[in-house]
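No experiment lies behind these values; they were computed from the predicted model shown. The chains referred to below are lettered A, B, ... by the order of the sequence lines, with proteins before strands, and numbering in each begins at 1.
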Amino acid sequence: MENLTLDRLVKRFGNETAVDGLSLTIPEAAFVALLGPSGCGKTTILRLLAGFEKPTSGSIHLGDRRLADARTQCPPEQRNMAMVFQSYALWPHMSVAENVGYPLKVRGTSGNEAAGAVRAALAQVEMERMAQRRPAELSGGQRQRVALARCLVAKPRVVLLDEPLANLDRNLRDTMEGTFREFHRQTGATLVYVTHDQSEAMSMADYIAVMRDGRLAQWATPEQLYQQPVDDWVARFIGQGAVVHIADAEPSGWLDGHVIMQAMETSLPKIRPVLLRPEHIRIGADGLSAEVRQCVYRGERYELTLSLLDGQPLRAWHHSALATGQSVRVRFDKGWSLQRAA
Amino acid sequence: MRIALSRGSQPNWLLSLLLVTITLLSLTPSLRLAVSAMSQLGLGEQSPFWQVMSAASTWRALGNSLYTATLGAMVSLLLGAIFAYGITLTNVRGKQWLVFCFMLPMMIPPQVTALSWLQLMGPASPLLNTLGIAPPLGSPQPLYSPEGIIVLLGIQSAPLVFLAMRTSLINLPAELIEAARISGASSRRVWRDIVLPLSRGGMLAGVFMAFVSNLGNFGIPAMLGIPDAYYVLPTLIYQRMAGFGHSVLQEVASLSVLIGALALLGVALQQRMQRHSRYSLTGHGGKAHDLDLRQWRPLVEAALATVLLIILVCPFLALVVSSLVPAVGVPLTPGSVTSAAFDEMINHQGATPRAARNSLMLAGGAALVIMACALPLAYRLKRLPERIQTLVVTLIEIPYALPGVVLAIACILLFARPLPVINVVVYGSLWIIFLAYLVRFLVLGLRPVMASLGQFDGALEEAAQLAGAGTLRRLVDILLPLLAPAVFAGGLLVFLVALNEITVSALLWSAGNETLGVLIFNLDEGGESVLASAISVLVVVFVALLMALLNLLAPRLPRGVIPWRT
């Protein structure tokens with residue numbers, strides 16, 4: 001197995017710690033998203049993997065091969081990785097075909113073999129007809145595809161993607177997400193994808209590493225991450241929903257709806273955060289009293305912001321509009337009890 | 001964004017008037033020159049232009065000019081490219097220092113550069129005599145040759161190539177290099193396949209800039225070529241004017257048009273190169289690339305330092321030694337060291353303090369007037385349509401782009417007779433030099449202010465306008481405080497360049513009205529190289545101090561305002 005292993009990785013810039021003791025094992029051929037708010041260190045991790053930055057301490061391994069530690073590091077050109085940059089980084093003085101063929105050229109492949117590989121790579125991203133164009137003549141989505149084809153051509157074991165969709169509009173993003181999934185299926189390479197957009201991460205990745213302040217907040221599949229976030233910070237960061245506090249309960253477990261409702265009505269101190277997703281909240285004839293604070297039309301339904309009697313907010317969905325200030329009753333199906341974030 | 005101006009308000013009329021006046025002033029000398037050169041063309045073969053064009057001396061000087069300027073630009077390319085790649089692409093240490101030192105030769109007056117090299121080499125070199133390795137007396141001074149001129153022109157113009165290349169390298173997004181490395185390219189291949197093609201435009205633009213600058217250089221070919229009777233166009237014009245005075249005005253006007261046309265051709269080629277090199281580069285440019293040199297780093301650092309030692313430290317050392325000996329040819333020993341030259345210069349009355357006073361007054365006055373004009377002018381310009389803006393800036397730039405001799409001849413033609421209406425004669429006084437400086441260096445003071453104004457958030461001014469402030473009020477209360485660093489930097493730059501100026505003043509000076517540049521040249525011609533060296537040492541120190549002062553301003557200025565900081 002050629003797992004990509006990060007072991008107690010630390011990267012400091014002056015006094016600032018960008019990556020703070022990160023340990024992570026990325027399985028071979030997985031599609032992994034590094035997700036976090038801006039400034040959480042995710043791009044630094046990508047640049048450490050590529051070899052553009054040197055770790056302050058800790059190490060990176062690919063299979064048995066040590067790629068980098070504080071003392072020695074394998075230069076980027078010898079790592080057999082590929083990268084899609086946020087700006088695509090197409091060389092403006094080369095044609096599309098020359099851009100795509102460059103990794104082969106530096107590896108000494110030329111002639112028919114190289115030409116065939118370039119054609120195949122361009123065909124995969126449906127850009128064969130553009131081979132002789134210059135990057136400046138392409139649209140954003142087309143440049144993106146060329147950058148992908150350049151990654152494909154040398155058959156790298158690891159492909160790094162740095163917010164590749166950040167500069168594209170909404171429609172194009174949906175199409176490109178499909179292209180990335182297809183790219184991953186066809187190449188079988190390990191993909192490490194940096195993004196701050198959770199829907200991108202959720203819809204494409206096998207695993208998501210949620211980063212916060214240079215540390216790993218959670219490593220999970222998208223489903224796990226949505227349903228069972230590890231603490232209240234991740235719960236608030238991922239998906240919609242509300243974190244309410246109830247009297248103490250076991251952390252990291254499903255709580256039945258009536259248990260939560262009981263634990264909210266006691267006079268005991270409310271110290272345990274619990275995640276209540278809108279799909280688990282019902283508005284009906286009985287249950288806890290709440291007041292409608294805001295009602296926003298979302299097309300397929302109305303999104304309500306409610307306030308419980310003790311002032312805690314909830315987020316719920318409803319089939320019809322409710323007036324602001326109206327009193328309603330809510331019941332919970334279930335909730336996920338959380339650890340407290342540091 | 002354009003702001004609609006209310007018609008008829010007085011400050012706006014004044015601003016427009018200023019703009020028109022200055023544009024006309026910039027244009028007049030070149031027009032006068034062209035008219036003069038082309039007049040009497042009707043005489044056919046008898047016309048001055050025709051005679052000049054059929055003289056062998058013209059073609060010889062033209063050939064010499066092209067030869068020295070072209071090969072000098074090649075030397076600049078070599079030096080500039082080594083430093084641009086070395087400093088911008090790699091992780092060598094002490095970059096700020098390296099850049100500062102490499103830029104110094106551009107700011108040092110050419111006649112000082114020539115003098116310092118003359119003191120460094122040849123049988124009379126005080127430095128070589130002190131070290132006991134001077135060639136025997138009677139052996140030729142190797143610098144009195146076309147090759148000597150080429151080497152010194154190359155050193156003087158190398159910073160131009162360096163700057164043009166450095167700008168294009170710094171604007172090169174780091175991702176383009178990183179993408180090549182992760183594609184498997186070694187540092188050398190990255191350089192060959194990515195960096196070299198993408199910086200070629202900047203390189204060629206720099207070479208043309210160096211060529212134009214070499215073409216107009218007077219100080220170096222005057223000090224190194226005239227003793228050997230090797231004339232280039234600017235020195236030919238000077239020699240004719242010095243020998244025959246006004247009787248040859250028509251003839252030198254034709255020569256000036258010739259060299260002016262060549263220079264403008266070079267400028268046009270340079271701008272074409274710069275346009276071509278502008279790929280639409282996306283991504284995060286704007287920082288040095290810092291390729292890790294690993295074990296080669298000390299070697300590269302040593303190589304860069306050695307080049308600086310040869311082109312900067314050694315000549316300066318020779319200059320210092322020359323200024324401390326009692327007479328030419330005497331070696332420097334603890335017994336012979338004397339500050340007599342400095343004494344003579346500072347404490348005695350005569351040409352030296354007068355020239356220093358003249359130069360300081362001319363440079364300071366030009367800087368002050370240009371500083372006062374720059375903001376209102378830039379303000380008015382920015383409110384014109386883009387096309388007219390470009391046109392006006394180009395017109396203002398012409399007197400600076402043209403070789404100094406061309407402007408000087410144009411000014412003589414323009415001011416030889418008393419000014420009409422007021423009936424004042426400026427020819428033969430300091431005023432003619434002063435006017436020439438204003439026209440020539442205006443663009444240096446204007447450019448930083450234009451750049452700053454371009455970055456200025458228009459809303460700041462609009463807010464003041466809504467608060468009820470009129471044009472003048474807004475200029476004084478809002479724009480001036482925020483743009484003051486740029487105005488000051490522009491003024492300092494004008495001061496620095498005007499102080500070093502020799503070409504214009506070499507033709508326009510008159511007895512009692514000499515400048516420092518002219519003085520150094522005259523002293524050296526008169527064999528007083530010790531005194532000339534002492535003045536030069538002070539000039540170099542003064543220039544370095546002014547540059548350091550500009551450096552202190554750098555954090556408060558937009559990028560590119562100070563030529564040696566990017």
Filtered by a 4.5 Å non-hydrogen cutoff, the part of residues 67-77 of chain A contacting chain B is P75(A), P76(A), E77(A)
Output the residues of residues 102-121 of chain A for which the shortest heavy-atom distance to chain B is under 4.5 Å, in residue-number order; output 'none' if no such residue exists.
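The stretch touches chain B at Y102(A), P103(A), K105(A), V106(A), R107(A).
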Would you indicate whether the side-chain heavy atoms of H93(A) and R200(B) approach each other to under 4.5 Å?
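When only atoms from C-beta onward are counted, H93(A) and R200(B) do not touch, as no gap falls below 4.5 Å.
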A side-chain contact here means heavy atoms from C-beta on lying under 4.5 Å apart; do Y88(A) and E175(B) qualify?
no
Tell me if the [atom1] atom of [X] is crowded by more than 12 foreign heavy atoms within 6.0 Å.
| X | atom1 | result |
| --- | --- | --- |
| E386(B) | CD | no |
| E182(A) | CD | yes |
| R12(A) | CZ | no |
| Y85(B) | OH | yes |

Give the minimum heavy-atom separation between M94(A) and I194(B), together with the two atoms involved.
CE-CD1, 3.7 Å
Here the pair of heavy atoms bringing L198(B) nearest to P92(A) is CD2-CG, 3.6 Å
Option from D193(B), L176(B), I177(B) for which side chain to side chain contact (heavy atoms under 4.5 Å, CB included) with W91(A) holds:
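Exactly one candidate clears the test, L176(B).
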Please classify the contact of A154(A) with chain B as side chain, backbone, both or neither, using a heavy-atom distance under 4.5 Å.
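Nothing of A154(A), per the 4.5 Å heavy-atom cut-off to chain B.
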Mind jotting down which residue pairs meet the ring-ring contact (aromatic ring centres under 6.0 Å, His included) criterion with at least one end in residues 124-173 of chain A? Sequence neighbours excluded, please.
none
Find the distance between OG (S186(B)) and CD (Q78(A)) and round it off to the nearest 0.5 Å.
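Between S186(B) OG and Q78(A) CD, I get 9.5 Å after rounding to 0.5 Å.
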Mind checking what makes side-chain hydrogen bond (donor to acceptor under 3.5 Å, both in side chains) contact with R170(A), not counting sequence neighbours?
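side-chain hydrogen bond (donor to acceptor under 3.5 Å, both in side chains) check on R170(A) returns D174(A).
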